[in-house]
Engineer: 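Sending over a structure as structure tokens; questions will come in a sec.
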Amino acid sequence: RAIVGCLKRGDLILRDETKKFEEEFAAFCDRKHCISVRSGTDAINLALETINSQRLGNVNFIRQEYTYLIPAIKNAVKIPMDENGAMDIYKLSRELENPSSVVFITYMNSVQPDLQRLKQFKEKYNFFLIEDACQAVGKPLIGDLSCFSFYPAKILGGIGKGGAVVTDDDDLAEIIRKKRDNLFNNLWLDEVKAAYLRVKLKYLKEEISHRHNIADFYTKELNQIPDLKILSKDCLQNYIVLFYNEDDALLFMDFMKREGVEVMPDKSDFYEGNMDNAVRLPIYGEMRDKEIKYVVKKTKEFYGKGRKN
């Protein structure tokens with residue numbers, strides 16, 4: 001009905017649905033402003049371009065190898081992740097001994113570092129913080145600018161691409177909005193996509209809660225397998241399991257495919273993952289209990305007999 005309503009009214013770009021979605025998503029994130037855009041990459045680029053235009057400093061730290069995606073990131077010091085898949089906060093602290101003005105951090109698979117410690121570092125070193133929260137919608141935010149993606153596979157997935165920047169800073173919000181609305185950019189979120197996202201946003205808390213339940217069940221059951229490592233129980237965007245070697249990971253994916261379970265490698269040409277020997281198990285709001293239990297059952301079967309096939 002929301003989509004049909006847009007079409008009947010002829011509302012396609014920057015009308016009421018987009019305005020209402022921005023207000024509602026800003027409130028969900030506990031921020032004053034939300035600027036919706038065409039994609040999560042556009043959200044990050046606009047945030048970084050705004051930093052450059054305001055001469056707030058160079059971006060010095062980035063967790064993932066994203067420099068090829070984001071033109072505004074140059075000469076970034078790449079901080080490795082810890083054993084739970086979050087930025088290694090202690091290695092970051094050592095880098096911060098050098099002068100820094102901007103930190104860009106990615107919450108991959110919804111996993112965050114110790115935010116209290118990161119907040120302390122922010123206060124001590126007085127840096128500007130940009131959060132790539134494209135895979136962490138619903139997680140706590142402490143950044144000056146926080147960026148989101150509404151790509152269909154994300155937790156708040158839309159119909160096609162979409163993204164947003166949220167902030168409490170009135171001046172930066174105005175600058176980002178003007179950059180988005182520049183006719184040479186054409187970075188708008190379509191009205192129909194905004195209408196669809198407004199409907200999904202109503203159920204987002206339930207979606208996140210269900211993903212937590214799935215992750216908790218996976219963790220409880222799969223931790224019983226000695227040869228399988230769980231990346232983090234907080235993985236809500238993608239639930240990651242780690243294998244000792246690539247052969248085991250490939251055998252597992254082949255076995256699960258034969259059993260009717262779609263699993264994916266974390267590292268591929270299409271997805272933004274970066275871990276070798278890592279596989280993503282299904283985790284999404286529409287999964288029913290019997291499907292969740294079936295994934296666990298087949299994973300256990302693989303360790304019982306799958307590698308012999």
Engineer: Any heavy-atom pair between the side chains of Met287 and Val295 that's under 4.5 Å?
Structural biologist: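 Touching, per the 4.5 Å side-chain cut-off.
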
Engineer: Do Tyr107 and Leu115 have side-chain heavy atoms sitting under 4.5 Å apart?
Structural biologist: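 Answer yes - side chains close enough.
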
Engineer: Looking only at the side chains, is there a donor atom on one of Ser110 and Gln237 sitting less than 3.5 Å from an acceptor on the other?
Structural biologist: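 Side-chain D/A pair, Ser110 to Gln237: absent.
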
Engineer: Can you measure from CG (Leu197) to CD (Glu24) and round to the nearest 0.5 angstrom?
Structural biologist: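 Leu197 CG to Glu24 CD: 10.5 Å, rounded to 0.5 Å.
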
Engineer: Is there a donor-acceptor pair under 3.5 Å between the side chain of Thr106 and the backbone N or O of Met108?
Structural biologist: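 Checking the backbone N and O of Met108 against the side chain of Thr106, no donor-acceptor pair under 3.5 Å is found.
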
Engineer: Going by heavy atoms in the side chains, are Val261 and Phe255 under 4.5 Å from each other?
Structural biologist: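 Contact flag for Val261/Phe255 side chains = no.
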
Engineer: Quick test of your reading of the model: are Glu207 and Arg211 salt-bridged, counting only N-O distances below 4.0 Å?
Structural biologist: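 Result for this pair is yes, salt bridge flagged.
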
Engineer: Please determine if Lys298 and Glu301 form a salt bridge, counting it only when a charged side-chain N lies under 4.0 Å from a carboxylate O.
Structural biologist: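 Yes, this pair counts.
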
Engineer: Strictly distance-based, threshold 3.5 Å: is any side-chain N or O of Tyr151 a donor or acceptor partner for the main-chain N or O of Cys134?
Structural biologist: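 Pair absent, no side-chain N/O of Tyr151 close to backbone of Cys134.
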
Engineer: Answer yes or no: is there an ion pair linking Lys122 with Asp144, defined by an N-O contact shorter than 4.0 Å?
Structural biologist: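 Counted as a salt bridge, because a side-chain N and a carboxylate O are separated by less than 4.0 Å.
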
Engineer: Can you name the one residue among Asp168, Asp169, Asp170 that meets side-chain hydrogen bond (donor to acceptor under 3.5 Å, both in side chains) with His33?
Structural biologist: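 In the set Asp168, Asp169, Asp170, the residue that makes a side-chain hydrogen bond (donor to acceptor under 3.5 Å, both in side chains) with His33 is Asp170.
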
Engineer: Among Lys32, Arg31, Arg180, find the residue that satisfies the salt bridge (Lys or Arg N to Asp or Glu O under 4.0 Å) test when tested with Glu22.
Structural biologist: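 Running salt bridge (Lys or Arg N to Asp or Glu O under 4.0 Å) over Lys32, Arg31, Arg180 with Glu22 returns exactly one hit, Arg180.
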
Engineer: Answer yes or no: is there a donor N or O on one side and an acceptor on the other, between the side chain of Tyr218 and the main chain of Ile292, under 3.5 Å?
Structural biologist: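 Judged by distance alone, no pair lies under 3.5 Å.
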
Engineer: How far apart are the closest heavy atoms of Gly160 and Pro152, and which atoms are they?
Structural biologist: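 Heavy atoms of Gly160 and Pro152 come nearest at O-CD, 3.2 Å.
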
Engineer: Just by modelled atom types, is the Lys161 backbone N or O under 3.5 Å from a matching donor or acceptor in the Lys193 side chain?
Structural biologist: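 Side chain of Lys193 to backbone of Lys161: a pair is present.
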
Engineer: Can you spot which of Ile176, Leu189, Leu187 makes a side-chain contact (heavy atoms from CB on, under 4.5 Å) with Ile35?
Structural biologist: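 By the side-chain contact (heavy atoms from CB on, under 4.5 Å) criterion, Ile35 pairs with just one of Ile176, Leu189, Leu187: Ile176.
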
Engineer: Between Tyr239 and Ile214, is any pair of side-chain heavy atoms under 4.5 Å apart?
Structural biologist: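 With C-beta onward as the side chain, the pair stays apart.
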
Engineer: Salt bridge or not between Glu221 and Lys300? Use side-chain N to carboxylate O under 4.0 Å.
Structural biologist: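 Result for this pair is yes, salt bridge flagged.
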
Engineer: Just how far is it from atom CD of Glu291 to atom CG of Asp289, taken to the nearest 0.5 Å?
Structural biologist: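 Rounded to the nearest 0.5 Å, the CD-CG separation comes out at 9.5 Å.
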
Engineer: Has Asn109 got a side-chain atom pairing as donor or acceptor with Val111's backbone, closer than 3.5 angstrom?
Structural biologist: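 Judged by distance alone, no pair lies under 3.5 Å.
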
Engineer: How close do Glu191 and Asp16 get, heavy atom to heavy atom, and via which atoms?
Structural biologist: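 Looks like OE2-N, 3.1 Å.
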
Engineer: Please report the closest heavy-atom contact between Ile283 and Cys235, naming both atoms and the distance.
Structural biologist: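 Of all heavy-atom pairs spanning Ile283 and Cys235, the closest is CD1-O, 3.8 Å.
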
Engineer: If you take the centroid of each ring, where Trp contributes its six-membered ring, are Phe25 and Phe150 closer together than 6.0 Å?
Structural biologist: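 Ring centroids of Phe150 and Phe25 are less than 6.0 Å from each other.
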
Engineer: Tell me if a side-chain donor or acceptor on Glu49 pairs with a main-chain N or O of Lys179 at a distance below 3.5 Å.
Structural biologist: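 The answer is no, because no donor-acceptor pair under 3.5 Å joins these two groups.
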
Engineer: Test your reading of the model: is there a side-chain donor-acceptor pair from Glu17 to the backbone of Ala194, 3.5 Å cut-off?
Structural biologist: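 Side chain of Glu17 to backbone of Ala194, a donor-acceptor pair under 3.5 Å: no, none is there.
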
Engineer: Are Gln112 and Asp234 close enough that some pair of their side-chain heavy atoms sits under 4.5 Å apart?
Structural biologist: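 No. Closest side-chain heavy atoms not under 4.5 Å.
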
Engineer: Working to the nearest 0.5 angstrom, can you tell me the gap between Phe21 CZ and Arg198 CZ?
Structural biologist: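 The distance works out to 10.0 Å.
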
Engineer: Could you tell me whether a side-chain N or O of Glu262 sits under 3.5 Å from a main-chain N or O of Pro282, the two making a donor and an acceptor?
Structural biologist: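 Answer holds: no.
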
Engineer: Under 4.0 Å between a Lys/Arg side-chain N and an Asp/Glu carboxylate O for Asp266 and Arg280?
Structural biologist: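 Here Asp266 pairs with Arg280 in a salt bridge, since their nearest N and O are under 4.0 Å apart.
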
Engineer: Has the side chain of Ser209 got a donor or acceptor atom that lies under 3.5 Å from a matching backbone atom of Lys205?
Structural biologist: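 Side chain of Ser209 to backbone of Lys205: no pair is present.
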
Engineer: Once rounded to the nearest 0.5 Å, what's the spacing between atom CG of Asp216 and atom NE2 of His212?
Structural biologist: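 Rounded to the nearest 0.5 Å, the CG-NE2 separation comes out at 8.0 Å.
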
Engineer: Is a donor on one side and an acceptor on the other found under 3.5 Å between the side chain of Asn245 and the backbone of Asp247?
Structural biologist: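 Yes, the answer is positive, given that a donor and an acceptor are paired below the 3.5 Å cut-off.
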
